[in-house]
Structures are given as C-alpha cells and as structure tokens.
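Please read the structure below before turning to the comments.
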Protein chains: 2
Amino acid sequence: METLLAKYGRITPLRPEEETSFRGLAMTRRECPTGTLLVAGDFDEPDQLFVVESGRLFASSELSNGERAITRLYFAGDIVGTANIPFEIATQSITVHRDAVIYLFPRQRLIDAFRYTPRVAAIFYTFAALENAILNDRLVSIGRTRGKARLAGLILEIAARLNLTRPQFEREFVLGLTQSQIGDAIGLTEVQVNRLIRSFYEERLVRRSGETIKILDLQRLREMSHFHDRYDDLDLNWFKDDFQAN
Amino acid sequence: METLLAKYGRITPLRPEEETSFRGLAMTRRECPTGTLLVAGDFDEPDQLFVVESGRLFASSELSNGERAITRLYFAGDIVGTANIPFEIATQSITVHRDAVIYLFPRQRLIDAFRYTPRVAAIFYTFAALENAILNDRLVSIGRTRGKARLAGLILEIAARLNLTRPQFEREFVLGLTQSQIGDAIGLTEVQVNRLIRSFYEERLVRRSGETIKILDLQRLREMSHFHDRYDDLDLNWFKDDFQAN
DNA sequence: CGTTCCTTTGAAACCAATCAATAATGGTGG
DNA sequence: CCACCATTATTGATTGGTTTCAAAGGAACG
C-alpha cells in the first residue's frame, strides 16, 4: 500500500483516519508472476479492484476475430479495474506483464469507503476521472496521429509513469513490452512497430541496450507525440478544504 | 433532471431523500443552441459538470496541428465533463451539437454528494466507471478495426443511445453529425467517411432521407462492428442492498 | 441570391497491413 | 553445457486502406 499512499499523499495528504480506512480496504496481498491473467474479459465476474504495489499490468480487450487491443498500462500506485466494476461480466482483461505485487480490493469494500470515508471515496472518483482523461488522450493519439507520433507518445508515457515514483527524471528504463504488445497498445501491427523502432534508432531518438532503452532526444519525442502527463497535471485542491473530518 | 432520474432509477431506484439530494445538486437550467462551446479545452477552468436533459453534446480534443478528435457523444441522461474534474485546466472541450437543455452542476456540489449521500456518490462513481468502459471500447474500435467497422459501430452507438429513452427500439433516427464530425469521432478524414457512407448505401446497410437515416440491416452492422451497448450491460446490484438510508 | 458550409468525386501518394521467410533470443530438459 | 523448442525480432515484396490535394456540386441561411 505504500506506493498508493505515497502517490495519493503527494496530491492531497490523507488524514490519519482516512489512511487507516485506506489500508483497511485492500486486504489480500498477492505476488503475481509475469503472464498472470487476473481478470478474463467477457468471462469473469469483476468482484474486485487491484492496487499495484510494484510491477506492471495492462488492460486489454479481444475482438471476436482474434485481434487484441491494450487500452491501458498500469504501474506502481495505480488502481486497476475501474472499467469492470459496474458490470456483471468484466469488459476487459487484466494481465500482469512484469512481475507484480498487488493488493486485492473487494468490490464490497468500495461501498464501505463511500459510506464511512467520503473523502477517500472522492479520491476514488477523482482517479476514475483521471483514467477517463488518459483514455481520451489515447483516443486522440490513435485516432488522429500516425505511427511515429503514437510510438513516441507510448515511450514518453511509460517514462513518465516510471519516473512518478523516482526522485528525479530518468531517461533510461525498461520498456517491458514485446513489439507485438506495443502494436496492440498503439494500434499497429508488430511488423510496423519494428520498422518504426528501427527508424527511431536511426534518427537517434532512442537507444537500446538489452532490455533497457534510453531517451536521447526528449525534446523531439515531445514535439512528435503531443503527449500530456495527466498525473502531473492533477489538481485536487478543489476538495482539499471542504471536507470536515469524520 | 427527469431524464437523468429516469435513467438512474431504471438501474437502481433512488430513495426519496436521495432523489431530493440529486435534484438539489443541479441548480441552474440552461438552454443551449447548436454550436455552443460549454468548455474550452486547455483553457477553461472545469468548475462544473453538465447533466443533459435533452439534445446532444460531444467532448473533443484538439492537437497543436489543428486536428480534432471527438472522443465521446453525449445524450439525454448523461453526465458530461467527468474527465475535466480533477484538473486545473480542462483536458477536453465540450460542445453542444444539437440544441440542448442542460443543468449546470457545480464541482463543489459534488463534494456535498460525497459527504451527505454516499449512495448518490456511488452512482457518480459508477457512471465514471461506465464512461471508462465505453472509452475502452472506442479505443479497441479505432485501434484495431478498419473504417467500415468503425462507422458501423458509431451508427449503432448513436441508435442505442437514442433508443435508451424510447419505449421500443427504433431503426430510424437523426444522425446529427456532419461527415467531418463523424471523421473526428472514428479517426478518419471526411473524404473517407463520405466514401464509406456511400458504400453503406450501396450495400443496403442503411438508407437516408433528409436528415434521418434508417438501419436496413441491423444484423450485419452488428457483425461488422463488434459494438457493445454498455448501458445495456450495466448492473448496479452490487451496491443495491448494502447502503442503509442516511 | 450570393455566401458559406457540407457533400461528393477523382487521381496520386503514402502509411500500414498482409504474406512469407529468416534470424535472434531465451528458456528447457537431457 | 548444449541441442532443441518457442517466442520474439527482423526484413522484403506486395497489397490495400486511407490521406492528401484539388475541384465541383448541393444545401442551408440571411
């Protein structure tokens, strides 16, 4: 829970009783190896959320023709599975794609949060709204830009998310996605992704050594991609002073 | 407010005091002609939500190169602007594209809902989660299907949303978007949209007379598009019995 | 009745998908 | 430790969906 609290605390410090409530919500800790399918879309009942302590997950949907789309990447501090909550059957799959530690968060506990700790509930709402804004950005990127811009945006998104829990911005990091997964995330085939990555190397935008890649030209990646870091833009002052303690 | 209450009531009936709370939240009624820009993305402060009583709005984002993407269409009963709430500056624009009656919903009132009527707050959260699921679907559609499937999906989406507040499914309705707007919504140019629409006429999938179009082959549109009506799938039983009255 | 916005059409260029095959990589059991 | 297998990365040739550019025809509105 530390990562989550650190993240939320950075934005709007929790009161002691809220922090207690928060810790009480996520009960079961679980270590999940790469490849674990936490929720099978169109099949499982979505009876819980997941809080990411460490590692990485992604949400994806499958079409009947076998095509897959990765709609969102999740990192330490994220709450995963919001889009499944109000349905009988999960609308999307949740997969661990880098060894992760997560906390299970039963749907019923969410109700407790709404009843007893409204400020915590407001934070949940806020992060659902944040997720909304990020999905909007992804729609704009995929719907209105070409492959190069999308790939640049994905690289910056991953860099931004990893750096959220680091003391200073680090240009070197593990991408952690196969080219096929990258394709699913930005709406291209793996073949095209490979060609684009290759062109990024040639243009000296990024460099690769083993699993890690290093951003060489941050400026130009930003210009290419139109990427916004919504986590950075977050502003929770609007409900900071308005709640009385319970 | 009637449309909103009808919609929410259909899913999970509100108690009298909750209904009162709900009505108290949205204060100002406003009639907005087609073309009204309610929120200017990257400019306005998002100090309110909008509840749609009648008419249609859309959310859009602009890229620095002038391209526009329409990320979501809104109809009677929808709550609009969730993705802007937790930011200092709005992340997306909100535009009226068919004469609308809306209720203004100050952000501060949302806090009251969380504090005093947790069940109402839970409904807000639920609908943010629903919005999430719908945006996911749009991402899959735009990222992993071709123009024909996307157009078919958009037609079915509009039909489904209009039919939500009608007694029975009606195959004839007003599309209400220019071909350029359709392009912004499904990630194509207006030129390509025109060609696709034309091919739909030739294949007798839909027919047009003036402003209204009629679905001729619902079955095939469904097969083409992979469209899910998430409003139909909604299930709020998970918190139906768990709240005590305030 | 002209202006403006929207629709429609054609031709050429381009980005990305598809098809097909080979090379690299990583993990496994013998 | 090495041969083997499965997955991932890479490359070429071809096809096709979509954009771009350009222009003309319709429809709506003051």
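Quick note: numbers below take in every heavy atom, side chains included, and nothing from hydrogens, waters or symmetry partners. Protein chains get the first letters and strands the later ones, always in sequence-line order, with residue 1 at the start of each.
When DNA chain D is scanned in the 5' to 3' direction for atoms under 4.0 Å from non-hydrogen atoms of chain A, the outermost contacting nucleotides are D:dT8 to D:dT20.
One atom, CZ of B:Arg198, and another, P of C:dC6, lie 17 Å apart when rounded to the nearest Å. Atoms CD (A:Glu67) and C1' (C:dA16) sit 13 Å apart, rounded to a whole Å. In this structure, the CZ atom of B:Arg208 is 11 Å from the C1' atom of C:dC6, given to the nearest Å. Counting to the nearest Å, the C1' atom of C:dC15 and the CZ atom of A:Arg195 are 11 Å from each other. Atom CG of A:Leu196 is separated from atom C1' of C:dC14 by 14 Å (rounded to the nearest Å). Protein atom NE2 of B:His97 is 13 Å distant from nucleotide atom P of C:dC6, rounded to whole Å. The distance from atom CD of B:Gln192 to atom C1' of C:dC15 is 13 Å, rounded to the nearest whole Å. In this structure, A:Gln179 atom CD and C:dG26 atom P are separated by 13 Å, rounded to whole Å.
Where A:Thr178 and A:Arg144 meet DNA chain D, the nucleotide closest to each residue was compared, and A:Thr178 sits on the side nearer the 5' end.
Contacts of B:Glu190 with the nucleic acid, taken as non-hydrogen atoms under 4.0 Å apart, include base atoms. Using a 4.0 Å heavy-atom criterion, one finds that A:Gly187 contacts the sugar-phosphate atoms exclusively. The residue B:Leu188 sits close only to the backbone: its heavy atoms come under 4.0 Å of sugar-phosphate atoms, none of a base.
Here the side chain of B:Ser141 pairs no donor or acceptor atom with the backbone of B:Arg138 at under 3.5 angstrom. A donor-acceptor contact shorter than 3.5 Å is absent between the side chain of A:Arg72 and the backbone of B:Asn136.
Remark: B:Arg222 is not positioned above the aromatic ring of B:Phe227, lacking an NZ or CZ atom under 6.0 angstrom from the ring centre and at most 45 degrees off the axis.
From A:Leu151, atom CG reaches atom CD1 of A:Ile197 across 5.5 Å, with rounding to the nearest 0.5 Å.
Within a 6.0 Å radius of CZ in A:Arg207, no more than 12 heavy atoms belonging to other residues, nucleotides or ligands are found. For B:Glu88, the CD atom counts as loosely surrounded, since its 6.0 Å shell holds 12 or fewer non-hydrogen atoms of other residues, nucleotides or ligands. The number of heavy-atom neighbours closer than 6.0 Å to CZ of B:Arg220, taken from other residues, nucleotides and ligands shown, is above 12. Counting non-hydrogen atoms of neighbouring residues, nucleotides and ligands closer than 6.0 angstrom, the CD atom of B:Glu172 exceeds 12 such neighbours. More than 12 heavy atoms of other residues, nucleotides or ligands shown are found within 6.0 angstrom of CZ on B:Arg166.
Listed in residue order, the members of residues 146-155 of chain A having a heavy atom less than 4.0 Å from DNA chain D are A:Arg146.
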